[in-house]
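The structure presented is a predicted model; accordingly, all values stated were derived computationally and were not measured. Here is the naming used below: chain letters follow the sequence lines, and residue numbers restart at 1 for every chain.
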Amino acid sequence: MEALLQNQVIEAISVALGKVKESGELSIATIPSIFVEPPKRPEWGDFSSNVAMTLASQVRQSPLKVAGVLATGLRAQFPELFVRVDVAPPGFLNLTLHPIRWMQVLQTIQDNGSSFGVSSIGKGKRILLEFVSANPTGPLHVGHGRGAALGQAIATLLEAVGFTVSREYYINDAGRQLQLLGRSVYARYREHCGESSTFPEDGYHGDYIKTVAESVARTHGRALLDSPSDVAETRCAQLASQILLDRIKEDLVTFGVDFETWFSETSLHSKGLIQQALDELRQKGLLTQEEGAWWFRSSQFGDEKDRVVQKQDGSYTYLAADIAYHRQKLERGFDTLINIWGADHHGYIPRMEATVQAFGYAKETLRIVLVQMVSLLRGGEKVEMSKRAGEFVTLREVLEEVGSDAAKFFFLMRRADTHLDFDLELAKQQSSDNPVYYVQYAHARLASLFRVAQERQVNLPAIQDVEQTLLVQDEELGLIKTLSQYPFVVEVSATALEPHRLTFYLQELAAQLHAYYNKNRVLPSVESVGKTGDAGRSNELESNGKASELEQEHAYECIQPALTAARLALLRQVQTVICNGLTLLGISAPEKM
RNA sequence: GCGCCUGUAGCUCAGUGGAUAGAGCACUGGCCUCCGGAGCCAGGGGCCACAGGUUCAAAUCCUGUCAGGCGCACCA
């Protein structure tokens with residue numbers, strides 16, 4: 001695989017460099033670290049290195065001269081590895097491998113199968129990933145959907161590169177929002193029972209509140225009317241949040257997003273963890289009392305000012321609960337905490353970073369991914385939403401309309417910190433305009449090819465059993481090189497917490513596949529199946545050199561079994577990588593569409 | 001006023017300090033006797049917001065300006 005090829009190239013450069021240093025041809029004091037990367041243009045070769053340019057000032061020679069010396073060394077010392085070593089201004093070293101070297105990529109993919117792309121760079125380090133964490137005061141909307149898709153994809157990616165990830169949902173089941181929910185539901189409940197009611201001014205207006213109130217009425221009859229209103233409201237809050245949380249859980253299951261733990265804010269209060277956390281801060285001298293309130297001295301850790309954690313009336317602020325929650329997370333022994341937050345919470349980051357440091361952990365222990373807003377469009381027209389008036393499109397509605405595969409792909413198509421336009425019509429569309437179908441179709445198309453092959457009694461060969469020298473077209477090498485990038489893409493997507501890199505990669509791979517498949521015949525046509533046999537095969541091997549010309553002119557008649565076999569084996573690996581990539585994103589790789 | 005994020009093709013956006021900045025959509029014109037046309041090929045489109053700086057090399061890093069979004073509670 002490429003990591004291997006890439007390392008071989010780096011090793012070769014390093015050897016050549018050492019030799020030049022030894023001979024004194026260039027006066028190199030320290031050998032710099034060497035990087036190679038695939039160049040932007042294929043005609044520049046398979047790998048390029050900027051080592052000559054970084055070395056130039058040190059050895060007081062022009063970059064071109066340095067590159068020239070290295071090129072000569074590489075040509076002489078590694079003739080079996082490189083077919084070409086070029087120097088390009090301003091001092092690039094462009095390296096082209098013998099095509100056959102690339103074939104080991106296909107072998108690696110076949111050997112690893114569904115685990116091609118996984119690695120162990122995470123070294124089993126434990127990560128707690130907290131995401132969604134929507135208040136149980138209403139259904140999930142599209143914004144939560146984006147957070148859910150992103151969190152799930154990040155978790156899967158991190159696991160693929162060797163981290164141990166625990167997914168957690170923090171339930172804000174204490175505090176004012178919940179009180180407000182209780183009052184809203186109680187008002188609707190009274191209405192439902194035919195009693196007078198005053199709906200709270202800043203209450204929740206959505207229709208779902210009525211549904212929840214009716215549900216309460218079904219299970220409790222008119223019993224709550226006998227209680228004092230504050231008791232009834234508290235009861236309503238409990239019942240409603242449970243009903244809504246159950247619904248959130250259902251939606252997440254439908255969406256294919258799962259959590260190991262559901263962490264309740266209430267449990268922080270009931271176990272005295274908030275007081276414990278504040279006591280610890282007090283001991284460290286990070287808590288001061290002023291104007292009757294207790295302040296966390298977060299400004300000592302870069303926050304712009306100190307923050308109140310316990311109010312004059314003795315009650316805790318939301319921050320106090322979050323401090324206790326994050327202390328609790330840290331004490332569970334995770335190496336890194338990752339939080340996925342809506343971008344409107346960004347002002348909160350400095351105080352949480354301060355919290356982590358206050359408890360003696362490095363700032364980098366906490367990583368926060370901000371997710372920007374989603375604008376919902378329908379055929380290019382913006383769908384207006386107002387959470388205040390309860391008019392918003394729920395995640396469930398979106399899933400019912402476009403399906404969870406399309407929803408996930410759209411949510412993961414953009415970098416998290418940019419606004420996302422989500423066009424419902426486009427997501428539903430079954431055409432090339434729709435990137436989800438484009439990628440899935442590539443997979444299904446190959447599955448179909450293999451089905452047809454089987455129907456026609458054409459074997460699906462293993463890569464080691466085919467004539468790999470037949471796969472030397474530019475498009476074939478291009479596909480293989482793209483395949484070889486896959487583990488690297490997975491690694492970067494995971495460590496940068498940026499799944500969109502993988503969606504872009506998959507679109508690119510699908511495009512290459514479609515282009516190749518459109519141009520090149522793989523299976524013999526039905527009529528010719530009977531005619532070609534073992535005789536045809538030996539014949540073909542002798543006239544290897546002319547095969548590509550022939551196949552252009554008489555693609556359907558002249559495709560030889562050895563070429564069919566080689567292409568099938570190649571395409572099998574393409575299918576594996578598409579499948580692996582989609583799976584990491586939580587999207588299905590259909591056999592048929 | 002202060003802070004964070006974002007300014008790249010008509011639109012939506014990719015872009016790891018490297019060479020001639022890319023893709024999709026839209027637009028124009030082609031390609032199905034055949035493995036799935038849910039596809040492919042070709043074309044036009046750019047002062048990478050602007051101005052400085054660092055560097056052999058800047059869309060990318062730094063500073064400033066402008067524009068848009070968001071946030072600045074003893075709310076959650």
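Looking only at distances, a side-chain donor or acceptor of A:Thr266 sits under 3.5 Å from a matching main-chain atom of A:Asp173. Judged by distance alone, with hydrogens and angles left aside, the side-chain atoms of A:Ser49 form a donor-acceptor pair with the main-chain N or O of A:Phe35 at under 3.5 Å. Judged purely by atom type and a 3.5 angstrom limit, A:Thr317 has no side-chain atom pairing as donor or acceptor with the backbone of A:Gln310.
A:Lys363 NZ: 12 or fewer foreign heavy atoms inside a 6.0 Å radius.
Separating the CG atom of A:Leu95 from the P atom of B:G18 is a distance of 18 Å, rounded to the nearest angstrom. Rounded to whole Å, atom C1' of B:C40 lies 15 Å from atom OH of A:Tyr516.
Each of A:Ala88 and A:Glu290 lies near RNA chain B, and the nucleotide nearest A:Ala88 is the one positioned closer to the 5' end. For A:Ala293 and A:Val452, each mapped to the nucleotide of RNA chain B holding its nearest heavy atom, the one lying further toward the 5' end belongs to A:Val452.
OP1 or OP2 of B:G15 has not a single side-chain nitrogen or oxygen of A:Tyr505 nearer than 4.0 Å. Note on A:Lys311: every side-chain N or O is 4.0 Å or more away from OP1 and OP2 of B:A73. Neither OP1 nor OP2 of B:G15 sits under 4.0 Å from any side-chain N or O of A:Arg414. Note on A:Arg307: every side-chain N or O is 4.0 Å or more away from OP1 and OP2 of B:A73.
One N or O donor and one acceptor, one from the side chain of A:Asn94 and one from the base of B:A19, sit under 3.5 Å apart.
The distance from the CG atom of A:Leu286 to the CH2 atom of A:Trp295 is 15.5 Å, given to the nearest 0.5 Å.
Within the nucleic acid shown, A:Gln312 comes within 4.0 Å of at least one base atom, counting heavy atoms only. At a threshold of 4.0 angstrom between heavy atoms, the contacts of A:Gln310 with the nucleic acid are absent.
No aromatic stack links A:Tyr318 and the base of B:C75, using centre distance under 5.5 Å and interplanar angle under 30°.
Using atom P as the reference point in both B:G46 and B:C11, the two lie 12 Å apart (nearest Å).
In B:C31 the O4'-C1'-N dihedral to the base is more than 90° from 0, which defines an anti nucleotide.
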